[in-house]
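Structure, as structure tokens:
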Amino acid sequence: MPVWEIVLRYLLLIAVLALMIGPFLWQLSTALKGPHENIFSSPPKFLPADPTLHNFERVADTIPVWDYALNSLKVAAANVVTNCVGAALAGYALARLRYRGRKAATIVFILAMLVPVEGIIIAQFTTMRELGLNNTLIGVLLPGCVSALNVLLMRNAFLNVPYEIEEAAFVDGANVWQRFLRIALPAVKGTLAVVAIFAFMGAWDDFLWPLIVLSDPDRFTLTIGLNYLHGTFANDERLVAAGTVIAVLPLIVLFACLQRYFFRGVGEGAVKG
């Protein structure tokens, strides 16, 4: 390969990397700048002259950020559990079990992905109101407790598990639950990690649905709570940046812990459709 092509590839990779993580690094830089440092200087200064964590303390003094984070963590953790369990069961049923209407069920999950959330959000709100779950964290959780995308990811991963392994277990007398728990599920741990990351990110970052279904400030999730920083303190960009960093850090930690399984899981469901 010519040297200029290698250089061009690395330049493109660096440019994409800058576009992806540049905004976060700039927010982190702004959050660490002191109150007397000009964040709108020209030319802009990326590194803080006198780094400080005072802005993060001010966020906690302005809003109950840790209570909001705990509410978000409850919803996100429950969303991970329900998606991993529900998507694994549904994906295995679509991929391995033989029954009438299996193909139609798969098509239903595909069509469900094509429906925009905004198109059904009124129906979701009405359903939660009829169930008496408005202004509850359960009401925030239920609409996304099993994602159609996650079900299809698990289905594709189970399709890539060799049939011969399950057939041998069937001959040895293993029932469907034993084949699912002891053979199929351990073979798709990577895809389960992908589902866990997607479920956590979807619940943690969700803003529109919690904003609609929640009315009690004590039950607000972090995304709604941080909105107060934008409204009341719109001129204090340091405070907004510190709140943004607090919201993003759990996602970074989660991905760092599961990245090995994540990249393996991407390949597990990428062969068959």
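- A donor-acceptor distance shorter than 3.5 angstrom exists from the side chain of E37 to the backbone of A49, with no hydrogens or angles considered.
- Enclosure of atom CZ in R100 is not indicated, since only 12 or fewer non-hydrogen atoms of other residues, nucleotides or ligands lie within 6.0 angstrom.
- Residues D61 and R58 are not paired through a salt bridge, judged by the lack of any N-O separation under 4.0 Å between the basic side chain and the carboxylate.
- For the residue pair P210 and V140, the shortest heavy atom distance occurs at CG-CG1, 3.9 Å.
- Residue M20 is not grouped with residue V253 when hydrophobic side chains (ILVMFWY) are merged at heavy-atom distances under 4.5 angstrom, including chains of intermediate members.
- A distance of 8.0 Å separates CG of N38 from NZ of K45, quoted to the nearest 0.5 Å.
- For the residue pair W209 and G139, the shortest heavy atom distance occurs at NE1-O, 3.0 Å.
- Closest of all the heavy-atom pairs between Y68 and P217 is CE2-O, 3.2 Å.
- Cluster membership for V213 and L208, using ILVMFWY side-chain heavy atoms within less than 4.5 angstrom, is shared.
- With hydrogens and angles ignored, the 3.5 Å screen pairs a side-chain donor or acceptor of N83 with a backbone N or O of G144.
- Under the 4.5 Å side-chain contact rule for hydrophobic residues, L192 and I183 do not share a cluster.
- Remark: side-chain polar atoms of R182 are not paired, donor with acceptor, to backbone N or O of F180 under 3.5 angstrom.
- Considering every non-hydrogen atom in both A203 and N79, the closest pair reads CB-ND2, 3.6 Å.
- Annotation for A18 and P23: closest pair O-CD, 4.0 Å, computed over non-hydrogen atoms.
- Here the side chain of N135 pairs a donor or acceptor atom with the backbone of D216 at under 3.5 angstrom.
- Cluster partners of L19, using a side-chain heavy-atom cutoff of under 4.5 Å among ILVMFWY residues and allowing indirect links: none.
- The two atoms that bring W26 and I39 nearest to each other are CZ2-O, 4.3 Å, heavy atoms only.
- A donor-acceptor distance shorter than 3.5 angstrom exists from the side chain of N175 to the backbone of Q178, with no hydrogens or angles considered.
- L70 and V59 fall into different hydrophobic clusters, where Ile, Leu, Val, Met, Phe, Trp and Tyr are joined by side-chain heavy atoms under 4.5 Å apart, directly or via other members.
- Side chain of N71 to main chain of F220: a donor-acceptor pair is present (N/O by atom type, distance under 3.5 Å, no hydrogens or angles).
- Using a distance-only test at 3.5 Å, with no hydrogens or angles considered, a donor-acceptor pair links the side chain of R179 to the main chain of A174.
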Throw together a table of side-chain donor-acceptor distances under 3.5 angstrom for residues 2-15, partners on residues two or more places apart or in other chains.
none

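- In L28, the CG atom is crowded: over 12 heavy atoms of neighbouring residues, nucleotides or ligands sit closer than 6.0 Å.
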Report all side-chain donor-acceptor pairs from residues 104-130 shorter than 3.5 Å, counting only partners two or more places apart or in another chain.
residue, atom, partner, partner atom, Å
T106, OG1, R102, O, 3.1
T126, OG1, I122, O, 2.9
T127, OG1, A123, O, 2.8

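- Here the side chain of T82 pairs no donor or acceptor atom with the backbone of V146 at under 3.5 angstrom.
- W204 does not carry K74 over the face of its six-membered ring by the limits of under 6.0 Å from the centre and within 45° of the normal.
- Between F158 and Y92, the ring-plane angle classifies as perpendicular under the 30° and 60° cut-offs.
- Both V245 and L251 are assigned to one and the same hydrophobic cluster, defined by single-linkage of ILVMFWY side chains at heavy-atom distances under 4.5 Å.
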